[in-house]
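Chain A is the first sequence line, chain B the second, and so forth, proteins listed ahead of strands; every chain is numbered from 1.
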Number of protein chains: 2
Amino acid sequence: MAAAIARGLEAEGFVVDRAGDGPSGLDLARFGGYDVVVLDIMLPGMSGYTVVRTLRAERNWVPVLMLSAKDGEYDEADGLDYGADDYLTKPFSFVVLLARLRALLRRDPQPRPTVLVVGSLSLDPATHVVRDAGHEVDLSPREFLLLEHLLRAHPAVVSKETLLESVWGSSDDVNVVEVYVGYLRRKLGRGRIETVRGAGYRVPS
Amino acid sequence: MAAAIARGLEAEGFVVDRAGDGPSGLDLARFGGYDVVVLDIMLPGMSGYTVVRTLRAERNWVPVLMLSAKDGEYDEADGLDYGADDYLTKPFSFVVLLARLRALLRRDPQPRPTVLVVGSLSLDPATHVVRDAGHEVDLSPREFLLLEHLLRAHPAVVSKETLLESVWGSSDDVNVVEVYVGYLRRKLGRGRIETVRGAGYRVPS
DNA sequence: CGGGCTCCTGAGAGCGTCCTGAGAAGGCGT
DNA sequence: ACGCCTTCTCAGGACGCTCTCAGGAGCCCG
């Protein structure tokens with residue numbers, strides 16, 4: 001299948017590299033400097049989900065088009081949640097694949113990171129939707145902003161002063177940050193935000 | 001020139017509308033529901049580049065063929081970067097234009113629909129018809145425009161300020177937006193438009 | 001082991017955002 | 001001129017959000 005697609009794309013003038021399993025595909029995507037990645041979900045060694053999630057966690061925003069035999073709506077949402085840019089279910093015509101690829105290629109030269117993903121947690125700044133293991137979580141504006149900053153910093157530690165500055169726009173009492181971290185922990189689970197005594201907070205992987 | 005092309009295409013069986021400047025062309029392309037657009041680069045009021053870029057930014061994937069007197073390679077790349085599907089430099093023969101147009105029409109067997117559809121809700125900018133689960137809904141012009149913008153943004157959140165700017169053309173009191181969201185909710189059902197406190201409104205999937 | 005510090009958390013007051021009903025002003029067709 | 005529809009303003013009120021405070025728990029150090 002991969003060979004067939006590669007041949008077709010080369011016939012259309014694309015320059016194509018091909019990987020046979022998940023890990024080597026991830027490496028190619030990391031260091032190959034590609035314009036677009038076509039990614040199957042079912043892969044030996046590492047699922048396509050994991051590949052795209054890993055890329056996004058490394059702040060790699062190369063456009064990704066996912067392929068899958070599944071066609072449930074949940075699967076599609078999953079793929080897009082993990083950071084894929086488009087989705088195609090088998091069977092598909094080669095012409096459609098071409099059209100979608102061209103659409104991806106002519107998008108913004110620097111597509112903004114649509115979704116922040118860490119582990120089973122995802123936050124979409126555009127839709128203001130936060131999901132934990134696929135289950136939607138309701139956050140207040142302040143809580144949302146705080147989580148967004150923590151996720152953007154992931155996996156680094158962020159000091160309370162920094163959070164106060166960037167989320168609250170400078171107030172004077174850092175206790176507010178502690179209170180809101182408490183709110184987030186109550187909604188997301190205790191382990192989602194770690195306290196680093198004397199330094200601040202971080203979201204563990 | 002535009003008149004000559006229009007006559008020629010009509011003689012070939014196409015149904016043609018024609019705009020004399022950039023802004024009106026953009027409006028036609030937006031709401032006309034065309035199968036293909038022929039677009040000159042040099043236009044009064046707004047360049048062809050801007051027209052096609054605006055269309056793509058609005059997720060409008062109508063096939064666009066650009067025309068220009070320039071023939072540098074850079075120009076061609078520019079046009080295609082902004083989202084044009086093909087490019088023709090003057091002078092060109094009418095037969096070539098016809099062939100390229102037919103190729104564009106053949107290309108994507110499943111062009112992105114111009115009708116906006118989210119769930120059981122559909123809005124057709126061309127006919128100004130809104131349906132909810134097959135049942136037609138009567139909207140005032142302002143209500144229609146507001147819903148259209150929300151649907152185009154789907155599933156992203158749109159701030160009241162943005163809506164005020166793009167639907168009302170900048171007033172000063174965002175309460176108007178709240179009132180009209182109320183009107184839409186009354187006609188479409190409560191759950192069709194979500195309030196995202198502190199951020200704006202969104203149409204859920 | 002005890003003191004001091006950092007961090008957590010429950011309670012509650014105040015405030016802001018958002019919703020809604022009422023109604024005035026304007027446009028348009030009859 | 002009349003009635004209908006649309007648009008927009010205004011004010012009241014509900015509810016959720018934000019933040020403060022104070023006490024308590026946990027950690028580090030002497």
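Taking every side-chain heavy atom of V176(A) into account, dT20(D) is the closest of dC7(C), dT20(D), dC19(C). Of the candidate nucleotides dC19(D), dC19(C), dC8(C), dC8(C) has the atom lying nearest to any side-chain atom of E178(A).
A salt bridge (charged side-chain N to carboxylate O under 4.0 Å, His left out) check over residues 18-27 of chain A, counting only residues at least two apart or in different chains, returns the pairs D27(A)-R30(A).
Of all non-hydrogen atoms in Y201(A) and V177(A), the two that sit nearest each other are CE1-CG1, 4.1 Å. Between S122(A) and V115(A), the shortest heavy-atom distance links the atoms CB-CG1, 4.0 Å.
T195(B) places a side-chain heavy atom less than 4.5 Å from the side chain of R185(B). Considering only heavy atoms from C-beta on, P125(A) comes within 4.5 Å of R152(A) through its side chain.
K187(A) has its NZ atom 10 Å from the C1' atom of dC17(D), to the nearest Å. Rounded to whole angstrom, the span from the CD1 atom of I193(B) across to the C1' atom of dC19(C) amounts to 13 Å. Rounded to an integer number of Å, the gap from CG of D173(B) to P of dA11(D) is 11 Å. Between the CZ atom of R142(B) and the C1' atom of dC8(D) there is a distance of 9 Å, given to the nearest Å. Whole-Å rounding puts the E194(A) CD to dC7(C) P distance at 14 Å. Atom CG in L164(B) sits roughly 13 Å away from atom P in dC18(C) (whole-Å rounding). Rounded to an integer number of Å, the gap from L163(A) CG to dC19(D) C1' is 17 Å. Straight-line distance from the CH2 atom of W168(A) to the C1' atom of dC19(D): 10 Å, rounded to whole Å.
Looking only at atom types and distance, the side chain of S120(A) has no donor-acceptor partner in the side chain of R53(A) under 3.5 Å away.
The base of dC8(D) sits with one of its N or O atoms less than 3.5 Å from a complementary donor or acceptor on the side chain of Y183(B). No hydrogens or angles were tested; on distance alone, a donor-acceptor pair under 3.5 Å links the side chain of N175(A) to the base of dC21(D).
Neither OP1 nor OP2 of dT6(C) sits under 4.0 Å from any side-chain N or O of Y201(A). For dT17(C), the OP1/OP2 oxygens have no side-chain nitrogen or oxygen of T195(B) closer than 4.0 Å. Regarding contacts with the backbone of dG10(C), a side-chain N or O of R186(A) is found under 4.0 angstrom from either OP1 or OP2.
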Shorter than 3.5 Å, N or O on both sides, protein versus nucleotides 26-30 of chain D: list them out with atom names.
from: dG26(D); atom 1: N2; to: R197(A); atom 2: NH2; distance (Å): 2.7

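Sequence order on DNA chain D of the closest nucleotides to Y180(B) and Y180(A) puts Y180(B) first from the 5' end. Along DNA chain D, the nucleotide nearest E143(A) and the nucleotide nearest L139(B) are compared for position; the residue whose nucleotide lies closer to the 5' end is L139(B). Each of A199(A) and K160(B) was matched to the nucleotide of DNA chain C holding its nearest heavy atom; the match closer to the 5' end belongs to A199(A).
Note: H128(B) and F144(B) have parallel aromatic rings, judged against thresholds of 30 and 60 degrees for the angle between ring planes.
Among the heavy atoms of the strands lying under 4.0 Å from V179(B) is at least one base atom, whether or not backbone atoms are also near.
Not counting sequence neighbours, the partners of R100(B) by the side chain to side chain donor-acceptor pair (under 3.5 Å) test are D86(B).
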